[in-house]
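This report refers to the structure that appears directly beneath it.
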Amino acid sequence: MTRSLRLTIAVATAAVAALALSACSAGGSSNGDGTVTDGKLTIATGQPAYSPWVEDNKPQSGKGFESAVAYAVAKEMGYSKSDVVWKRSTFDSAIAPGPKDWDLNVQQFSIDAKRKKAVDMSSAYYTTTQAVVTTEKSKAVDHTTIDELKKDAIGVATGSTSIASVKSVLGVTPQVFNSNDDAVLALKSGQIDAIVTDLPTAFYMAAAQLDDGTVSAQFPADGKGDQFGFVLPKDSELTSKVDKALAALDEDGTLKDLQTKWLSSETNTPVLK
């Protein structure tokens, strides 16, 4: 074999190997079913994962909205509960470019065009609604109807979609603060009776920023909030399958039922009427 022929073969072999590695890294897997572990669906979430998205930081339990949705999607894709493997990841690493050691990641990722340049994102499994945050000592704590809540002093953060929601649903003009943190301080001091913000932020405020905080009610869905989707490795073979599963779960009412159960009934957060 001539030196030039050996060089040509070596270059060709290296190119094929690089191409195979690139394909594996981009989609996260070289298995026949497109998963990182053949026959298993590996799903990642945050550490810790919080209620009501995951109950008791145990995604494997199927309790909590995102845990329940993940198992419903897996079932629709043909995976049994025992075929689902859970991993943990940070939020930032999940949406960063590069290979992943999981197939799906679920931790309230808003669907965003910039993120889609680095990773795949599924269609939406949830669109956020507005919610009411208050404290146990506030007069607004038991106000779960529009007529009751419109009599309260409502605070919102400047620039938020909550301003328009309060005006359109309650028919009142809220007090506007420079930030959610400023609104929380106003609620603590009794300057306002309640805060209106998106539901995920509301749960965080009640749990982390207020000693006696509670999410007392949520606004009717208007389809205008942030949409949450699964994150997948870039160019994953599973993206279209997840979208198909979510479409089926939306059509048969499963997603709506899970939303009602875990984001309303289990959290005692009724929809305003």
Closest non-hydrogen atom pair, [X] against [Y]:
X	Y	result
Asp142	Glu148	O-OE1, 3.8 Å
Glu76	Ala248	OE2-CB, 3.5 Å
Pro174	Lys167	CD-CG, 4.2 Å
Ser123	Leu246	O-CD1, 3.4 Å
Ser264	Pro270	OG-CA, 3.9 Å
Val215	Ala202	CG2-O, 3.5 Å

When you check the side-chain N and O atoms of [X] and [Y], is any donor under 3.5 Å from an acceptor?
X	Y	value
Ser162	Ser165	no
Asp33	Thr35	yes
Asp198	Thr201	yes
Gln107	Glu66	no
Asp181	Gln209	yes
Thr260	Asp257	no
Ser82	Ser80	yes
Asn105	Ser89	yes
Ser110	Asp112	no

Nearest 0.5 Å please: distance from the [atom1] atom of [X] over to the [atom2] atom of [Y].
X	Y	atom1	atom2	result
Thr267	Lys261	OG1	NZ	11.0 Å
Phe219	Thr128	CZ	OG1	13.0 Å
Asp193	Gln175	CG	CD	9.0 Å
Thr214	Met205	OG1	CE	13.5 Å
Asn57	Ser51	CG	OG	11.0 Å
Ser122	Asp243	OG	CG	6.0 Å

Give the intermediate values and the outcome of side chain to side chain contact (heavy atoms under 4.5 Å, CB included) for residues Leu187 and Leu210.
CA-CA 9 Å; Leu187 178 58; Leu210 295 163; 3.8 Å; yes
Between Tyr125 and Phe65, what is the ring plane arrangement, given parallel below 30°, perpendicular above 60°, and tilted in between?
tilted
[X]-[Y] co-clustered via ILVMFWY side chain contacts under 4.5 Å:
X	Y	value
Phe203	Val271	no
Val36	Leu238	no
Val132	Val176	yes
Leu104	Val231	no
Ile95	Trp102	yes

Test item: [X] side-chain N/O and [Y] main-chain N/O as donor-acceptor pair under 3.5 Å:
X	Y	answer
Lys234	Lys116	yes
Arg88	Gly46	yes
Tyr71	Gln60	yes
Asp120	Thr239	no
Thr135	Gly213	no
Gln218	Thr129	no
Ser179	Asp182	yes
Ser67	Gly64	no
Thr134	Ala194	no
Lys100	Ser93	yes

Quick check on [X]: does its [atom1] atom have over 12 non-hydrogen neighbours (other residues, nucleotides or ligands) under 6.0 Å away?
X	atom1	answer
Lys75	NZ	no
Lys81	NZ	yes
Asp222	CG	yes

Checking Val85 against Leu41 for the side chain to side chain contact (heavy atoms under 4.5 Å, CB included) test, could you report, in this order, the C-alpha distance in whole Å, the side-chain angles of both residues, the deciding distance, and whether it holds?
CA-CA 6 Å; Val85 178; Leu41 187 65; over 6 Å; no
Would you call [X] and [Y] a side-chain contact if the rule is heavy atoms closer than 4.5 Å?
X	Y	value
Val133	Thr197	yes
Trp262	Val69	no
Phe228	Pro200	yes
Leu263	Trp53	yes
Val84	Ile43	yes
Thr42	Trp86	no
Thr127	Asp226	no
Gln130	Leu199	no

Decide yes or no on side-chain hydrogen bond (donor to acceptor under 3.5 Å, both in side chains) for Thr254 and Asp252, but give the supporting numbers first.
CA-CA 6 Å; Thr254 298; Asp252 69 12; 2.7 Å; yes
Report the C-alpha separation of Ile192 and Phe177 in whole Å, then their side-chain angles, then the decisive distance to 0.1 Å, and conclude whether the side chain to side chain contact (heavy atoms under 4.5 Å, CB included) test is met.
CA-CA 11 Å; Ile192 56 176; Phe177 295 89; 4.0 Å; yes
For side chain to side chain contact (heavy atoms under 4.5 Å, CB included), just list the numbers for Leu255 and Gln259, CA-CA rounded to whole Å, side-chain angles, deciding distance to a tenth of an Å, and then say yes or no.
CA-CA 6 Å; Leu255 291 180; Gln259 182 177 327; over 6 Å; no
Name the atoms and distances for all side-chain donor-acceptor pairs under 3.5 Å in residues 151-159, with sequence neighbours left out.
from   : atom 1 : to     : atom 2 : distance (Å)
Asp152 : OD1    : His143 : ND1    : 3.3
Asp152 : OD2    : His143 : ND1    : 2.7

is_close_aromatic(Phe109, Phe91), centroid dist under 6.0 Å
yes
